[in-house]
Amino acid sequence: MSIGNSNSPEEERPSTDDRSEDRIVERPVEEPSIGTALKKARIAAGLTVDEVSSTTRVRIPIVHAIEEDDFTRCGGDVYARGHIRTLARAVHLDPAPLVESYDAAHGGRPAPTPAAPMFDAERIRPERQRPNWTAAMVAAIVAVIGFVGFTAFSGGDDKGKRPVAEGSASPKPAPHQTGGKPAAQPQPQTPQAPKPEPSDSAIAAAPKDLVTVVLTADTGESWISAKDSTGRLLFDGTLVQGESKTFTDKESVDLVLGDAGVVKLFVNGKEIKDDFQPGQVERLTYTKEDPLQDQPQAG
């Protein structure tokens, strides 16, 4: 009897236990980028880019660039963070995680520096400022009101006042003198011109075909920059607490506020009450049609 291989073909087959089991590797879900998150939230809110730009005062090209995660058009990290916060609030997002994501991708938030040196790169040599035509026009209006009031007062009753002024009436006899001293003569009284009524305010007297912006450092000092519609610099400096500046132009006035939380802002005679936080940097543009109808105004 021959002795053969006792192993059967079934025994030579590899066991199913030796086969490596396929494992499903779960990959972490990547969070959407800053621009993608803002764009999705805007679409979910039913807003267009034009509507977001009109509400936040962030220019349309910058809104498009941020939604594409291109922050080079913001003008620096400080402006980029400010735009991200503004756009996030407009589309009902929490801005804190988006700003943290931006800081993580761009080297973290820098140490705080004084407001004035922060904008040295943006400053240019100040140009010669144009004459303040608004103040001159207000002075002219006040002068006209005073002249009209004086004319109305002095020329009201010509028949009753003119003979007295010209001395046509018979002079009164001198009073009887007693003693060595003459009696005191009454001094003629000269009518005083009435004081002109002041105008409501310098802002109300501004021409309707100009945009007029008045800035006041209300609760602290702030660096500001103002340009007209042609890009010419109107002012570049720091407003100390209590100081005010007025800017006018035929088309628009562009502003950069280093600390928007301490500034009180009036546009075309109406106060703009935005919820600016202390230390917040804002870029704003105002035209003759501002403030908008849906924008909160002073009482």
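In this chain, numbering begins with 1 at the start of the sequence shown. No hydrogens, no waters, no symmetry mates; every other heavy atom, side chains included, goes into these values.
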Item to check | Flag for Thr230-Asp228: side-chain donor and acceptor within less than 3.5 Å | outcome: yes

Checklist outcome for this item: Quick note, salt bridge (Lys or Arg N to Asp or Glu O under 4.0 Å) partners involving residues 35-46, not counting sequence neighbours, are Arg42-Glu67

Item to check | Trace of the ring pair (Phe, Tyr, Trp, His ring centres under 6.0 Å) decision for Tyr102 with Phe71 | outcome: CA-CA 10 Å; Tyr102 179 86; Phe71 302 98; 5.1 Å; yes

Checklist entry - Minimum heavy-atom separation for Thr287 to Ser252, with atom names? => result CG2-CB, 3.9 Å

Item to check | Contact check, side chains of Leu255 and Leu265, non-hydrogen atoms, under 4.5 Å | outcome: yes

Item to check | Nearest non-hydrogen partners of Ala90 and Thr56, listed with the distance | outcome: CB-CG2, 3.5 Å

Checklist entry - Got a donor-acceptor contact below 3.5 angstrom from the Ser225 side chain to the Val256 backbone? => result no

Checklist entry - Which value, rounded to the nearest 0.5 Å, describes the distance between Leu257 atom CG and Trp223 atom CH2? => result 9.0 Å

Checklist entry - Between Leu38 and Ile43, is there a shared hydrophobic cluster once you connect ILVMFWY residues whose side-chain heavy atoms come closer than 4.5 Å? => result no

Checklist entry - Step by step, would you call Phe276 with Val263 a side chain to side chain contact (heavy atoms under 4.5 Å, CB included)? => result CA-CA 9 Å; Phe276 296 140; Val263 176; over 6 Å; no

Item to check | Distance-only polar pair, side chains of Gln280 and Glu282, donor-acceptor under 3.5 Å | outcome: yes

Checklist entry - Considering only heavy atoms from C-beta outward, does the side chain of Lys245 approach that of Val214 to under 4.5 Å? => result no

Checklist outcome for this item: Rounded to the nearest 0.5 Å, the NZ atom of Lys264 sits from the CG atom of Asp218 at a distance of 4.5 Å

Next on the checklist: Quick check: closest heavy atoms across Ile84 and Val99, and the distance to 0.1 Å?
Outcome noted: CG2-CG2, 4.2 Å

Checklist entry - Is it the case that Tyr286 and Asn268 place a side-chain donor and acceptor less than 3.5 Å from each other? => result no

Item to check | salt bridge (charged side-chain N to carboxylate O under 4.0 Å, His left out) partner of Asp254, chosen from Arg57, Lys227, Arg59 | outcome: Arg59

Next on the checklist: With heavy-atom distances below 4.5 Å as the criterion, would you say the side chains of Leu215 and Ser244 are in contact?
Outcome noted: no

Item to check | Distance-minimising heavy-atom pair for Glu243 and Thr238 | outcome: OE1-O, 4.0 Å

Item to check | Exercise: identify the closest heavy-atom pair between Ile62 and Cys74 | outcome: CG2-SG, 4.3 Å

Checklist entry - Does the side chain to side chain contact (heavy atoms under 4.5 Å, CB included) test come out yes or no for Leu98 and Arg85, once each step is laid out? => result CA-CA 8 Å; Leu98 300 180; Arg85 291 190 188 96; over 6 Å; no

Next on the checklist: To check you understand the geometry: which heavy-atom pair defines the closest contact between Ser222 and Val262, and what is its length?
Outcome noted: CB-CG2, 3.7 Å

Item to check | Heavy-atom side-chain contact between Asp69 and Ile34 under 4.5 Å | outcome: yes

Next on the checklist: To the nearest 0.5 Å, what is the distance between CG on Leu239 and CD1 on Ile224?
Outcome noted: 4.0 Å

Checklist entry - Can you tell me how far the OG1 atom of Thr285 sits from the CG atom of Asp290, to the nearest 0.5 Å? => result 9.0 Å

Checklist entry - Roughly how far, to the nearest 0.5 Å, is CG of Leu284 from CD1 of Ile272? => result 9.5 Å

Checklist entry - Do the side-chain N and O atoms of Asp70 and Thr72 include a donor-acceptor pair separated by under 3.5 angstrom? => result yes

Checklist entry - Do Arg81 and Asp103 meet the salt-bridge criterion of a basic N to acidic O distance under 4.0 Å? => result yes

Checklist entry - Going through the distances and angles, do Ser229 and Asp249 end up as a side-chain hydrogen bond (donor to acceptor under 3.5 Å, both in side chains)? => result CA-CA 7 Å; Ser229 57; Asp249 188 68; 2.9 Å; yes

Next on the checklist: Test side chain to side chain contact (heavy atoms under 4.5 Å, CB included) on Ile66 and Leu87; report intermediate values, then the result.
Outcome noted: CA-CA 9 Å; Ile66 292 177; Leu87 295 179; 3.8 Å; yes

Item to check | Between CZ on residue Arg283 and OG1 on residue Thr86, distance to nearest 0.5 Å | outcome: 12.0 Å

Checklist entry - Could you walk me through whether Ile60 and Asp50 pass the side chain to side chain contact (heavy atoms under 4.5 Å, CB included) check? => result CA-CA 6 Å; Ile60 293 176; Asp50 291 347; 2.9 Å; yes

